[in-house]
Protein chains: 2
Amino acid sequence: MRKVSSTNYHNQAYLEEKCTLNELIHLLSKRWLTEVLFSIEEGNNRFSSLKEDLKYISDNILADRLKLLEQHKLITRNDNFREVPARVEYALTPTGLKLSELLDVMCKFSETEMDFPAASC
Amino acid sequence: MRKVSSTNYHNQAYLEEKCTLNELIHLLSKRWLTEVLFSIEEGNNRFSSLKEDLKYISDNILADRLKLLEQHKLITRNDNFREVPARVEYALTPTGLKLSELLDVMCKFSETEMDFPAASC
DNA sequence: CTGTATCCGATAAGATACTG
DNA sequence: CAGTATCTTATCGGATACAG
């Protein structure tokens, strides 16, 4: 739970109210989140498949990131398979796809313009 | 100092090596950083002017963000005025300007596509 | 298979006091 | 004016154990 009394909390709230960009960046800055988005886009639509693809991610973090992405309507969660063991499939929404394209642009920018050591994107 | 032994550290390093996008987002996620960039773009080119514009920012955070922006060649720092009291002026680099334009695009996206409460950007 | 609950270490933000 | 140094607190990531 957040301590509402702190300046820390108030400043973040102030920034997010001032501009939703801060809210979006705060979401994107959660570790693994963009990787989960990209991995779903590439066809990894199950929990176990994502966990295998993002080899160092832990259960609780993956679950949390999927929940966040769903809450912000960037992915859909389909658990209507009525199978045992449980089966759930994830997919990008149109907004999720647009965000992914936007992140591609940012990735190109970071590769070509920014002063970071080179890496394959 | 960072503890190199932690999984926490290794995972972040893994992600940043995998794609510089993670490095860029990690930078942008530092609180106030984008606001400082925008404020400089709007003409606030002195420490005191920035501090007044971003009314809740503290000295040490502003100093740190300016240092980060300079290190990544997003702004320039000019202290060649030989005046007392000290005088320093900041300005965007071409890369800084491009980043600002990219962030404008992201801001529009967050306003029109994302599921956040509305705010003026 | 797809998660949840609890705990702990690591990192980030901010308050305060001080300096050339 | 333009910062720096030190300390405290808040937030985040991850390990482990467990559940429907």
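Quick caveat, the model's predicted, so the values are computed rather than measured. Side chains are part of it too, since the values below use all heavy atoms of this structure and drop only hydrogens, waters and symmetry mates. To find a chain, count down the sequence lines: A is the first, B the second, and so on, and within it residues start at 1.
- A salt bridge links B:Lys18 with A:Glu35: at least one charged nitrogen is closer than 4.0 Å to a carboxylate oxygen.
- Atoms CG (B:Leu54) and P (D:dA2) sit 14 Å apart, rounded to a whole Å.
- Of the side-chain N and O atoms in B:Ser48, one or more sit less than 4.0 angstrom from OP1 or OP2 of D:dA2.
- Position along DNA chain D of the nearest nucleotide to B:Pro85 versus A:Asp59 favours B:Pro85 as the more 5'-ward residue.
- Scanning all heavy atoms of the two residues, the minimum distance from B:Leu21 to A:Phe38 falls at CD2-CE1, 3.8 Å.
- Taking 4.5 Å as the limit, some side-chain heavy atom of B:Tyr14 sits within range of a side-chain heavy atom of A:Lys55.
- Using a 4.0 Å cut-off between charged side-chain N and carboxylate O, A:Arg46 and A:Glu89 make no salt bridge.
- Side-chain proximity of A:Thr7 to the nucleotides C:dA15, D:dG3, C:dA13 is greatest for C:dA15.
- Among C:dG14, C:dT2, C:dT4, the nucleotide with an atom closest to any side-chain atom of A:Ala63 is C:dT4.
- Residue B:Asn60 is in base contact, counting any heavy-atom pair closer than 4.0 Å across all strands shown.
- Taking side-chain N and O atoms only, A:His26 has a distance below 4.0 Å to OP1 or OP2 of D:dC12.
- Nearer the 5' end of DNA chain D, as judged by each residue's closest nucleotide, is the contact made by B:Ala86, out of B:Ala86 and B:Asn8.
- Residue A:Arg77 places at least one side-chain N or O under 4.0 Å from the OP1 or OP2 atom of C:dG3.
- A close approach under 4.0 Å does occur between a side-chain nitrogen or oxygen of A:Arg46 and OP1 or OP2 of C:dT2.
- Residue B:Tyr56 has no polar side-chain atom (N or O) positioned under 4.0 Å from OP1 or OP2 of C:dA15.
- Residue A:Ser49 is the one, among A:Asn11 and A:Ser49, whose nearest nucleotide of DNA chain C lies closer to the 5' end (criterion: closest heavy atom).
- At a threshold of 4.0 angstrom between heavy atoms, the contacts of B:Lys30 are confined to the sugar-phosphate backbone, with no base atom among them.
- A:Arg31 has no side-chain polar atom (N or O) that falls below the 4.0 Å cut-off from OP1 or OP2 of C:dT11.
- Closest approach to the B:Phe47 side chain among D:dT16, D:dG3, C:dA13 is made by D:dG3 (side chain taken as heavy atoms from C-beta onward).
- Side chain of B:Val88, nearest nucleotide from D:dG3, D:dT4, C:dC1: D:dG3.
- At a threshold of 4.0 angstrom between heavy atoms, the contacts of B:Phe81 with the nucleic acid are absent.
- If you check every strand for non-hydrogen atoms under 4.0 Å, A:Asp64 touches nothing.
- Note on A:Lys67: a side-chain N or O is less than 4.0 Å away from OP1 or OP2 of C:dT4.
- The pair A:Arg87-A:Asp79 fails the salt-bridge criterion, with no side-chain N (NZ, NE, NH1 or NH2) lying under 4.0 Å from an Asp/Glu carboxylate O.
- At whole-Å resolution of the value, CG in A:Leu66 and P in C:dC1 are 15 Å apart.
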